[in-house]
Each structure stands twice: as structure tokens, then as C-alpha cells.
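Here is the naming used below: chain letters follow the sequence lines, and residue numbers restart at 1 for every chain.
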Amino acid sequence: MESTNEAARPRDFIREIIDEDNRTGKHAGRVHTRFPPEPNGYLHIGHAKSICLNFGLALEFGGKCNLRFDDTNPTKEDEEYVQSIEEDVRWLGFEWNEQPFYASDYFPQLYDWAVQLIKAGKAYVCDLNAEEMREHRGTLTAPGKNSPFRDRSVEENLDLFARMKAGEFPDGTRTLRAKVDMASPNLNMRDPVLYRILHATHHRTGDQWCIYPMYDYTHGQSDSIERITHSICTLEFENHRPLYDWFIKELGIYAPQQIEFARLNLTYAMMSKRRLLELVREKHVSGWDDPRMLTIRGLRRRGYTPEAMRSFCERIGVAKFNSTIDMLVLENALRDDLNKRAQRAMAVLRPLKVVITNYLEDQVDELEAINNPEDPTIGTRKVPFAREIYIEQDDFREDPPKGFYRLAPGKEVRLRYAYFITCTEAVKDAAGNVTELRCTYDPATRGGNAPDGRKVQGTIHWVSAKHAARAEVRLYDHLFSKPDPDDVPAGQDYRANLNPNSLELLSNVPVEPFLANAKPGDRFQFERQGYFCVDTKDSAPGKLVFNRSVSLKDSWAKQEKAQQGKPQAKKK
RNA sequence: UCAGGGAUCGGCUAAUGGCAGGCCGCCUGGCUUUGAACCAGGUAGUGGUGGUUCGAAUCCAUCUCCCUGAGCCA
């Protein structure tokens with residue numbers, strides 16, 4: 001791997017540790033990390049933070065990063081997840097060292113080490129069932145009691161463990177435990193289980209094993225086998241570190257250095273795999289790749305770019321403090337990336353028909369539009385203009401509030417890249433709703449400039465009615481309506497905070513003609529609206545579907561809201 | 001109650017005994033054929049109390065608050 005030129009990157013506490021290790025020669029200058037997911041679910045944005053950290057470190061320090069599947073629980077894991085995880089890591093832009101590794105490849109070695117521990121009198125077969133074991137464990141403040149099986153002879157333990165492996169005992173009847181200290185204030189040290197009996201088929205080792213090592217017994221040794229220098233994990237494993245160190249010491253093997261950091265939390269979101277699964281199972285979302293899901297696949301389908309994801313991970317930093325990142329940071333990372341690259345287009349989400357009364361019935365204009373003002377290299381395109389066009393309902397007010405500089409009766413605005421128009425009449429239905437606008441245009445303003453130098457304050461987007469392609473547009477909002485989804489009245493759970501408006505469907509939306517040829521995954525900025533991408537699942541030729549990735553910032557909406565909020569604030 | 005961690009502007013994060021800085025947000029203003037982007041300015045912080053020191057976010061003591069931990073899950 002190449003090291004990137006990122007000298008300017010701020011030094012977080014992990015990079016400082018590595019700097020120091022390199023200075024003192026602790027790992028002989030090596031930097032070797034790993035990303036160790038369990039293949040029991042899809043990766044989410046929290047994993048992305050860990051991925052960017054581990055792979056990023058390897059890149060920056062000229063080291064290596066392994067992808068290792070921690071597949072020690074066959075009842076929950078599946079090959080399908082292995083595939084999706086590899087795909088997601090690659091999509092984020094990272095390449096792992098050699099082939100993916102699997103903890104299951106170390107089962108034979110782990111077994112031999114268990115035998116070694118038994119022989120050294122450091123492990124024993126325990127016949128306690130789960131409930132009895134819990135009773136013996138003690139509490140946070142009270143020490144545990146030794147298992148009655150703790151002092152079995154080495155010979156008996158060896159025999160029993162071999163028979164466990166041979167499948168002589170049913171699930172749950174026996175375990176292999178480490179002999180550490182039942183009085184330790186650290187519950188992880190109270191004779192933790194090393195192996196449990198599980199007559200289950202493993203996605204890689206099949207029915208070869210009926211005993212499976214526990215995560216705690218597997219993880220540290222796997223790191224050791226792979227000669228990992230910096231074993232980076234989340235805060236909840238801090239309490240486990242003494243146990244990992246105990247295994248390494250008793251086994252006399254290479255010692256990786258574990259460093260813990262705080263996992264990612266985001267406002268209006270949940271990160272736990274269990275709950276993500278519930279959202280899918282209970283059909284609150286359409287699947288793991290629902291664009292509202294903060295899974296990597298969900299974000300990808302939503303229109304997020306790998307660059308935006310990496311930039312986000314860089315912006316949030318790494319620390320031990322349990323923090324919650326504002327969802328805005330994620331959204332801004334996307335906006336920043338797409339602003340520079342996304343081709344512009346016009347689409348009218350909530351159309352209001354406008355008839356240009358002084359424009360000839362059969363006349364058509366081809367106007368030149370800039371594809372991206374931020375990037376002149378991608379050139380221009382032609383946009384057809386005709387007598388009947390659509391504009392956004394929001395861009396007209398019969399009774400405009402102060403500061404509104406879009407269209408209103410008698411007012412003039414610029415149609416982007418086209419002409420100045422002046423509203424002469426608002427046509428209404430019986431209920432008094434404005435259904436259509438009559439306007440006149442000024443032929444001298446073709447392209448959007450007035451030769452007489454007069455200015456208009458507003459520029460609005462539009463689409464020619466008869467030239468428009470039609471699309472379905474899906475507007476997404478936060479899945480939860482509160483910054484903290486767990487902020488619920490007593491007796492309720494996060495489901496009470498599910499945002500009923502997290503998906504708004506717009507059909508038959510008029511969009512610029514060229515968009516008819518857009519391909520799944522293509523990204524655009526719909527001017528004055530936001531960034532949209534062609535859905536990769538439901539869009540097809542003749543049936544365009546756009547997902548809103550993120551809206552543009554809207555300072556007018558903010559200003560108007562503030563104005564409306566003022567009188568209320570006074571009342572209070 | 002025990003053990004292990006943690007606490008710096010509204011949010012995130014620097015400063016490692018020597019001017020508390022950056023990003024985001026928010027507010028002003030500029031610019032503008034996207035009320036976007038961009039540019040400029042502003043706002044605002046060391047959890048409390050004592051101590052050491054010429055000097056403390058940083059070291060010491062003490063208090064407070066928060067997180068994690070009693071799976072044969074990871």
C-alpha cells in the first residue's frame with residue numbers, strides 16, 4: 001500500500017500512540033491493523049468509522065490492514081454477510097492485505113492452545129449450566145464462588161474436553177473455562193468460558209466442529225497470529241483487555257497492543273445491529289438497503305459517495321469521549337463532495353403551470369445551461385423552452401411576505417438560463433387555490449440578462465411542459481423525529497419516535513428532458529432543491545426514479561420560519 | 001455499592017506547564033443567473049473546590065456528573 005500525503009491531518013490520540021511507538025521502535029516500526037467484523041449483519045456508518053480508521057492508519061503509516069471475519073458463532077453468521085461486507089469495504093475505497101482472514105481458520109490452533117492451558121492447570125471443564133454459572137459469578141460488588149468442577153485433574157479435563165470436541169455431550173451441558181479468579185472485581189476475569197458446545201453448522205467449517213471458541217478467547221489470539229501491532233476496538237472492550245493480556249501471557253505468544261476509541265453516535269439515528277434488524281423485520285423500512293438506513297448499502301443507494309463517507313470520518317475525529325455527531329456533519333460532507341462534481345439539472349418537484357401569454361404557441365427555444373458552475377470542464381447543455389412551463393409552487397406567493405423575492409402578481413423574476421417573466425394573473429379554482437399562472441416574458445432578456453441593465457432579485461428553475469421527462473422522486477428525511485430516538489415517554493420505545501414523514505413520494509415530476517437517459521446511480525443537483533441520484537433498484541428506462549440524497553441548504557426557509565416563530569416566542 | 005474509562009465554545013475536536021485554536025452550527029455583511037456555493041467578520045468554552053508553580057485545560061488532592069461491565073453474544 002502507498003502512504004498518502006496527509007501530514008496536515010490532526011493527530012488524534014491513536015496516531016500519537018503510533019508516532020510514539022515508531023519513535024521508540026516498539027513494534028520495529030511496523031504498523032499492522034485489522035478490521036474485524038462478525039459476518040452477522042450488514043455494515044453501517046459506525047463500521048465505516050472503524051474501517052476508515054484502521055485502513056487509513058495503514059495507508060498513512062505505510063503499514064498493512066487485514067480484513068478478518070470474527071466468525072465464532074455459527075448460529076448467527078452467514079456467507080451472505082461475508083460477501084456484503086467485502087463489497088462495502090471495497091466500495092468505501094479500501095483494499096485489504098492479502099486475502100480476507102477468518103477466525104474460523106484458527107480453530108485448530110485455538111483448540112491446541114486450549115489443551116495447552118488445560119495442561120498448565122489454567123483451564124477446566126465445567127459442568128455448570130448457564131443459570132448455575134450465573135449464580136456462581138457473583139455481582140458487580142460481590143465476589144463469585146468457585147465452580148465445584150474447578151479442581152478437576154488435568155487428565156480428567158483433557159478427557160472431557162476431547163469428548164466435548166468429539167460430540168459426546170449435548171449443547172449447553174459443559175464448557176471449558178479459564179481458571180483465573182472468581183473474586184476479581186473485573187467480571188471478565190471470573191473464570192470466563194473459552195469453549196461452548198454448539199452442534200451447529202458453520203458457514204465455513206461445516207460440521208467439523210461442535211465446540212466453538214468464545215469471542216474473548218479468539219479475538220486477541222487472532223490478532224496475535226496475524227502479528228497485529230495496533231488492535232483498535234471500541235470502548236466496551238476496555239474491560240476485556242486484562243483477559244486478552246492474560247491469554248497472551250499464559251500462552252506465551254506475540255502481544256498486540258489494544259487501543260479503544262468511542263464508537264460513533266449520530267443524532268436522529270440508531271446504530272445497533274439488533275435495532276437495525278428490527279426496523280427491517282418489522283417493515284419500517286424496505287430493507288437493509290433502504291435509503292433511510294445508515295447502513296453502507298443504504299447510504300450508497302441514497303446517493304452517498306465513498307469520498308463523502310471518508311471525508312465525514314475524517315471530520316468527526318477519533319477520541320475516547322462518548323460523543324454524538326450532529327447528522328448535519330454527515331449531510332454537509334455529502335453536499336461538499338457533490339457540489340464540486342454533480343451535474344446540474346432542473347426538476348420541478350411540485351409543479352405549478354405557467355403560461356407565457358406573449359410567447360408563440362408553437363415556438364421553441366434552445367437555451368444554453370451550464371452543467372456545473374463549479375467545474376467549467378464539464379461544459380454546457382441545451383434546455384428547451386416553450387409557451388407552457390412548470391415552476392415550483394413554492395416559488396409563487398399571491399401575497400408575498402416581506403423578503404420574498406420570487407414570483408408574485410405583478411412581480412418579475414428570472415427563469416434560470418431563460419428569460420425574465422412578469423406575473424400578470426393567478427388563475428384559481430372554485431376553492432380559491434391557484435392552479436395556473438399567466439405571465440409575460442421579455443424577449444430581450446434571452447439567456448437571463450437584461451440589456452437595459454435592470455435587475456431582478458429572484459432566479460427560479462423551470463421545466464418546459466411539453467418537453468419534460470417524467471420521474472418518480474423520493475424525498476427522504478430522518479428516520480426518527482427526535483435527535484435522540486430513545487427520548488420517549490415511559491413505557492414506550494424508540495418506535496414511538498419513528499418519523500412518519502421520513503419518506504415522501506412524488507410522482508410524475510417534470511424533469512429536464514436529458515434526464516430521461518440518466519443511468520442508475522447517476523447523481524445530479526436539481527438546482528435550488530438538492531442532490532438526487534437515480535435509484536439503483538427501482539429505476540428503469542421509461543420509469544425513472546430519483547432518490548433525494550440530501551437537500552440544498554435553504555436560508556430563505558430558515559428566515560421565514562424565524563419570522564413566523566417570532567410572535568410565538570413573544571407570547572411565551 | 002465494586003472495577004475500568006471519560007468530562008475543553010451549542011456540536012465535534014486541538015493545545016502534552018507558556019497567547020485556549022480549528023471545523024460545523026448560529027448571527028452580520030459581501031458576492032451571486034441556484035436564497036446554493038464562495039468570501040469576510042462576529043458569537044461562544046477549560047465540570048466544582050482547594051493546592052503546587054513566576055505561570056495550570058495540562059501536575060496534585062477532593063468532589064460532582066456521564067459511559068461500560070454480572071451472555072455458554074460479538
To the nearest angstrom, how far is A:Y212 atom OH from B:C73 atom C1'?
15 Å
At less than 3.5 Å, do the side-chain atoms of A:R241 and the base atoms of B:G4 form a donor-acceptor pair?
no
Using atom P in both nucleotides, what's the gap between B:U62 and B:A3 to the nearest angstrom?
14 Å
Length of the line joining A:F261:CZ and B:C67:P, which is rounded to integer Å:
20 Å
Can you tell me, in whole Å, how much space there is between the P of B:A56 and that of B:G47?
15 Å
What's the closest nucleotide to the side chain of A:P185 if the choices are B:A3, B:G35, B:G69?
B:A3
Go through B:U8, B:G71, B:G35 for me and flag the one nearest to the A:Q559 side chain.
B:G35
Between B:U58 and B:U16, how far apart are the two C1' atoms, rounded to whole Å?
7 Å
Pairing partner of B:U62, by Watson-Crick or G-U wobble and under 3.5 Å for both distances, is B:G48
From NE2 of A:H461 across to P of B:U32 the rounded distance in Å is 22 Å
Would you say B:C72 has OP1 or OP2 under 4.0 Å from some side-chain N or O of A:R137?
yes
May I have the distance from A:R406 (atom CZ) to B:U34 (atom P), rounded to whole angstrom?
13 Å
Mind checking if A:T139 touches a base, just sugar-phosphate, or nothing, with heavy atoms under 4.0 Å?
base
Name the nucleic acid region contacted by A:N129, choosing base, sugar-phosphate or nothing; use a 4.0 angstrom heavy-atom cut-off, strictly under.
base
Checking understanding here: a glycosidic angle within 90° of 0 is syn, the rest anti, so what is B:G71?
syn
Whole-Å gap separating C1' (B:U8) and CZ (A:F13):
17 Å
Record whether the side chain of A:Q529 comes under 3.5 Å of the base of B:U34 through a donor-acceptor pair of N or O atoms.
no
Which nucleotide wins on minimum distance to the side chain of A:Y215, given the candidates B:C72, B:A74, B:G25?
B:A74
When the P atoms of B:A40 and B:G45 are compared, how many Å lie between them, rounded to an integer?
24 Å
Between A:D375 and A:R341, is the closest basic N to carboxylate O distance under 4.0 Å?
no
Cationic N near anionic O, under 4.0 Å, A:D21 to A:R23
no
Could A:D105 and A:R68 be called an ion pair, given the rule that one side-chain N must be under 4.0 Å from one carboxylate O?
no
Quick note, A:D326 side chain, CB onward, closest among B:G11, B:A74, B:G35 is B:G11
Could you tell me the Watson-Crick or G-U partner of B:G42, where both distances fall under 3.5 Å? Say none if there is no partner.
B:C26
When rounded to the nearest Å, what value does the distance between P atoms of B:G25 and B:G11 take?
15 Å
Rounding to the closest angstrom, what is the interatomic distance between B:U1 and B:C66 at atom P?
12 Å
Sole residue of A:E77, A:K273, A:K76 in side chain to side chain donor-acceptor pair (under 3.5 Å) with A:N40
A:K273
Ion pair A:E392/A:R350, N-O distance below 4.0 Å:
no
Nucleotide of B:G71, B:C2, B:A37 approaching A:N339 most closely (side-chain heavy atoms)
B:A37
Counting only distance, no hydrogens or angles, is the base of B:U34 paired donor-acceptor with the side chain of A:R344 under 3.5 Å?
yes
State plainly whether the residues A:D12 and A:K320 are in salt-bridge range, i.e. N to O under 4.0 Å.
no
Which value, in whole Å, describes the distance between the C1' atoms of nucleotides B:U68 and B:C26?
34 Å
To the nearest Å, give me how far apart NZ (A:K320) and C1' (B:C66) are.
15 Å
Is the aromatic ring centre of A:F321 closer than 5.5 Å to the centre of the six-membered base ring of B:G6, with the two planes inclined by less than 30°?
no
B:U8 and B:G41, which share atom name P, separated by this distance in whole Å
28 Å
Taking the minimum atom-to-atom distance to the side chain of A:L140, which one of B:A74, B:G69, B:C12 wins?
B:G69
Can you identify which nucleotide, out of B:U34, B:G25, B:G5, has its nearest atom closest to the A:E238 side chain?
B:G5
Heavy atoms from C-beta onward define the side chain here; which of B:C27, B:A37, B:A14 lies closest to that of A:K558?
B:C27
Answer yes or no on whether A:R152 is positioned over the face of A:Y124, meaning its NZ or CZ is under 6.0 Å from the six-membered ring centre and within 45° of the axis.
no
Nucleotide forming a Watson-Crick or wobble pair with B:C2, both distances under 3.5 Å
B:G69
